[in-house]
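Structure first, then comments.
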Amino acid sequence: MRRTEHGHGRPHRPDVIVVGAGGSGAVLAARLSEDPGRTVLVLEAGPAPRHPSAFAPGLLDARLVPGAQPGHTAVQQYAAHLTPTRPYTVVRGRWLGGSTTVNGGYFVRARREDFDRWSAGGGAAWSYDRMLPFLRALETDLDHGADALHGGRGPVGVRRTDLHHPAAAAFRTAARRLGFPEEPDKNAQGAPGFGPVPTNTVDGVRVNTGIGYLLGASGRPNLLVEGDSTVLGVVVERGRATGVEVERHGRRGVVRGGEVVLCAGALRTPQLLHLSGIGPRRELEALGVSVVRDAPAVGARFGDHPQVVLEWMPRRPVPEPAGSWLGGALHLPSSDGAHPAGDLEILQSLVPLAGLTGGTVSVPGAPLAFLVSVQTPRLSGRMRTRSADPATPPRLDYGYLSTAGDRRRLREAVRVTAGLVGTGDFGEVSGGFTEPVARVLDDDRLLDEWILGHLGTCHHTCGTVPLGPAVDPYGRVHGVDALRVADTSILPTPPLRGPAATAVLIGEVVADAMRRGLT
Ligand SMILES: Cc1cc2nc3c(=O)[nH]c(=O)nc-3n(C[C@H](O)[C@H](O)[C@H](O)COP(=O)(O)OP(=O)(O)OC[C@H]3O[C@@H](n4cnc5c(N)ncnc54)[C@H](O)[C@@H]3O)c2cc1C
C-alpha cells in the first residue's frame, strides 16, 4: 500500500470508502474488511482512537449518557425546532462509534410490525424472518446465550438491566398492580409490557460499535480508519461515484475509491447527498448546486420520537445503580390500538436527570426520572439544506405534537406514568412526582401546555433517505452507480423502539449484500 503524507498506509484507491464510523458505518467497515481481498477506507469526522483506553472513562461508563451532557466534546450539536415554538438543541455522536458512543446503551430490536412496514416499501429483504439471522449474528446475548432467537458469537454483548434496584423493583410491582403484562425479553417479539431493558453493556461498559466492531479489526492490512476527516461531498462522474472530497486538519483533497458508502447518520448523509447534487431539483438549484440526480425523497422528511422527562422524589436515599443508568421499561399500545406491539415507552432512569446532564452518577437529594416517549412510526419532521457550504447545518423542524393524535398519545403516556407513581407499591420508594401536579394532570389543555414546555426528543432520527423512493433494499442510491447509504437514514419510518440495534443491523445487512454481490 502507498504511504500517505499522514504516515498511514492509506490504500491508493480503496475498493470501498465508508463515510462515518458510527452505529452502522463501523459495522459495515468491519464486516467488509473480513474479506482480505477488499480494501476499505473509513473516513470519520470525529476522533478515531486505536485502543479502548483512549476513550475517556465517561464515554464507556454505562451509568452515564454523554450525549445528555450539554457541549460534550464527543457530540455535534444542531439547532432545531421540535414544534414551531419550541427551539431545541439536538445532538449526534462525533467520535469513533458515532452516536453509539454517546447514547443510552438501550439496545432493543425493532418489532416485527416495523419490519413488515419497511419490507412493504423497501422489499422482502427487510422482512423479520430474513432479518432474524442478522439480528442473531450481531450479538452475544449474555442472558440467553445462543438459541433460535438470540446470538452467541456476535460483536455486541447484550445484557438486560438488573431489576433488583429498589426503584426498579417498585416499578415492576406497580406495573403488575396496574395489570400490565410482564415482558421478560424485549428482543423476543412478545406482547409489550414491563421488563428489563436489553443493553449493549458488558460489566458496566457501554460497548459502542467502534470498540465492538472496528478496534478488533484494526490490525487488518486492508482496513484503514482515519479520524478527524470530514467528508464534504461525493465526487460523481458520468453517473458514478468515484470518490469523496474530504477535509483533514484544514486541508482539502479528493480521495478516489471503487465505491462510496455514506454512513454519516440521518442528519448528515442527506446533506452530503444534496451537496453532491442528489436531491430535489428545485432545492438544489436554489442552493446553486449542479443537479446530478433529481431525487425528491432525499433529505425531505424524517421521523423521531418525542419525549418528556417526569421526575419523582425518592422517599429515602436509593443506592447508585451498578451497571447501567437504566432500570425497567414499560411498553404499551396507545388507546387507539393502531400499534399492538406498543408505541408508548416508559423508561426508567436510576440516575437523576441532573446527573445525566452533569456527567455524574450520584446527585444526593435529587429526584429520579422516567423518560416517557411516543414511538409511533411517523414522519413528522422536515429538513432543508440551507447552504452549499457543508459547514452550515441543515434546518430541522421536527413537527412534534402537530396532530391531535400526537398530543393525545403523549398525554396518555404521562398519565400512565402518573398512575404507576401513584400506586401504593411505588409509594414505598417514592414521595411522588415533582411535577406536573394533579390539577395539570387532570386537564387536557393544561397538560398539553405542560408537555409543550417540557418537550424533548429521544434523538432517534430516521427516514431521511428512505428505502423505496431513495435507495434500494441494500442502500444503493437510485440513479447513481457505486454509491450507497447505510445508516438510519434508510429506514422509511422510525422503529417502535430505539434505533441503535437497527443501526447495527443496517451495517450487517448492507455489508452482507456487498460481499455477496446481491443485486
Ligand atoms: C444522546 C443520544 C442518545 C441515544 N440513546 C439511544 C439509546 O439508548 N438506544 C437507542 O436505540 N438509540 C439511541 N440513540 C440513537 C442511536 O444511537 C442512533 O440512532 C444510531 O447511533 C444511529 O446510527 P447511524 O450510523 O445512523 O449514525 P451515527 O451513529 O450518528 O454515526 C454517524 C457517524 O458519521 C460521522 N460523520 C458525520 N458526518 C460526517 C462527515 N461529513 N464526514 C465523516 N464522518 C461524518 C459522525 O461523526 C458519526 O461517527 C441515541 C442517540 C443520541 C444522540
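Both counts, for ligands and for their atoms, begin at 1 and track the order of listing.
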Name the closest protein heavy atom to [atom], giving the residue it belongs to and the distance to 0.1 Å.
atom                    : answer
atom 52 (C) of ligand 1 : His459 CB, 3.6 Å
atom 44 (N) of ligand 1 : Ala45 N, 3.1 Å
atom 27 (O) of ligand 1 : Gly265 CA, 3.5 Å
atom 11 (O) of ligand 1 : Ala500 N, 2.8 Å
atom 20 (C) of ligand 1 : Ala503 CB, 4.0 Å
atom 1 (C) of ligand 1  : Gly67 CA, 3.6 Å
atom 9 (N) of ligand 1  : Tyr106 O, 2.9 Å
atom 35 (C) of ligand 1 : Glu44 OE1, 3.4 Å

| field | Check: Val374 and His305 side chains under 4.5 Å, non-hydrogen atoms | value |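 They are not in contact (no side-chain heavy atoms under 4.5 Å apart), so the answer is no.
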
| query | Cys263 and Val18: side-chain contact (heavy atoms from CB on, under 4.5 Å), yes or no, with the steps? | reply | CA-CA 7 Å; Cys263 308; Val18 176; 3.8 Å; yes

Near [X], which atoms of ligand 1 are under 4.0 Å from a heavy atom of that residue?
X      : result
Gly20  : 34 (O), 35 (C), 44 (N)
Thr100 : 21 (O)
Leu43  : 43 (C), 44 (N)
Ser229 : 42 (N), 43 (C)
Ser24  : 25 (O)
Gly98  : 29 (O), 31 (O), 48 (C), 49 (O)
Thr230 : 41 (N), 42 (N)

| query | Do you know which of Leu64, Val361, Asp61, Leu356 makes side chain to side chain contact (heavy atoms under 4.5 Å, CB included) with Trp325? | reply |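 Of all the options given, the one that passes is Leu356.
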
Can [X] and [Y] be counted as having a side-chain donor-acceptor contact under 3.5 angstrom?
X      : Y      : answer
Arg386 : Thr392 : no
Glu237 : Thr242 : yes
Asp185 : His150 : yes
Ser334 : Arg409 : yes
Thr461 : Asp304 : yes

| request: Specify side chain, backbone, both or neither for Trp95, according to which of its non-hydrogen atoms lie closer than 4.0 Å to ligand 1. | output: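 The part of Trp95 near ligand 1 is the backbone, not the side chain.
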
| said: Under 4.0 Å, heavy-atom basis, I'd like to know which part of His460 is in contact with ligand 1: side chain, backbone, both or neither. | reply: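 It is the side chain that touches ligand 1; the backbone stays farther off.
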
Should [X] be counted as touching ligand 1, given the test is an N or O pair under 3.5 Å?
X      : answer
Ala266 : no
Phe107 : no
Ala501 : no
Gly104 : yes

I want to confirm something. Looking only at heavy atoms, which of [options] is nearest to [atom]?
atom                    : options                      : value
atom 29 (O) of ligand 1 : Gly507, Ala74, Pro494, Ser99 : Ser99
atom 38 (N) of ligand 1 : His72, Arg268, Glu247        : Arg268
atom 33 (C) of ligand 1 : Gly97, Cys263, Gly25, Gly105 : Cys263
atom 18 (C) of ligand 1 : Arg92, Arg94, Glu226         : Arg92
atom 4 (C) of ligand 1  : Thr199, Asn103, Val18        : Asn103

| request: List the steps and the verdict of salt bridge (Lys or Arg N to Asp or Glu O under 4.0 Å) for Arg111 and Glu183. | output: CA-CA 13 Å; Arg111 299 290 304 206; Glu183 189 188 8; 3.3 Å; yes

| task | Evaluate salt bridge (Lys or Arg N to Asp or Glu O under 4.0 Å) for Arg117 paired with Asp114, printing each intermediate quantity in order. | result | CA-CA 5 Å; Arg117 193 178 337 101; Asp114 294 313; 2.8 Å; yes

| message | Please check if the number of heavy atoms outside Asp389 that lie under 6.0 Å from its CG is greater than 12. | response |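 Yes - once you tally the heavy atoms of other residues, nucleotides and ligands closer than 6.0 Å, there are more than 12.
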
| Lys/Arg N to Asp/Glu carboxylate O, Glu139 vs Arg109, below 4.0 Å |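 Counted as a salt bridge, because a side-chain N and a carboxylate O are separated by less than 4.0 Å.
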
| said: Please determine whether a side-chain nitrogen of the Lys or Arg among Arg515 and Asp512 lies less than 4.0 Å from a carboxylate oxygen of the Asp or Glu. | reply: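 Judged by the 4.0 Å cut-off on N to carboxylate O distance, Arg515 and Asp512 do not form a salt bridge.
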
| task | Answer with yes or no after comparing the ring centroid distance for Tyr88 and Tyr398 against a 6.0 Å cut-off, counting only values under it. | result |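 For Tyr88 and Tyr398, the ring centres are not under 6.0 Å apart.
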
| Heavy-atom closest contact (His454 atom, Arg86 atom, distance) |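 Result for this residue pair: C-NH2, 3.7 Å.
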
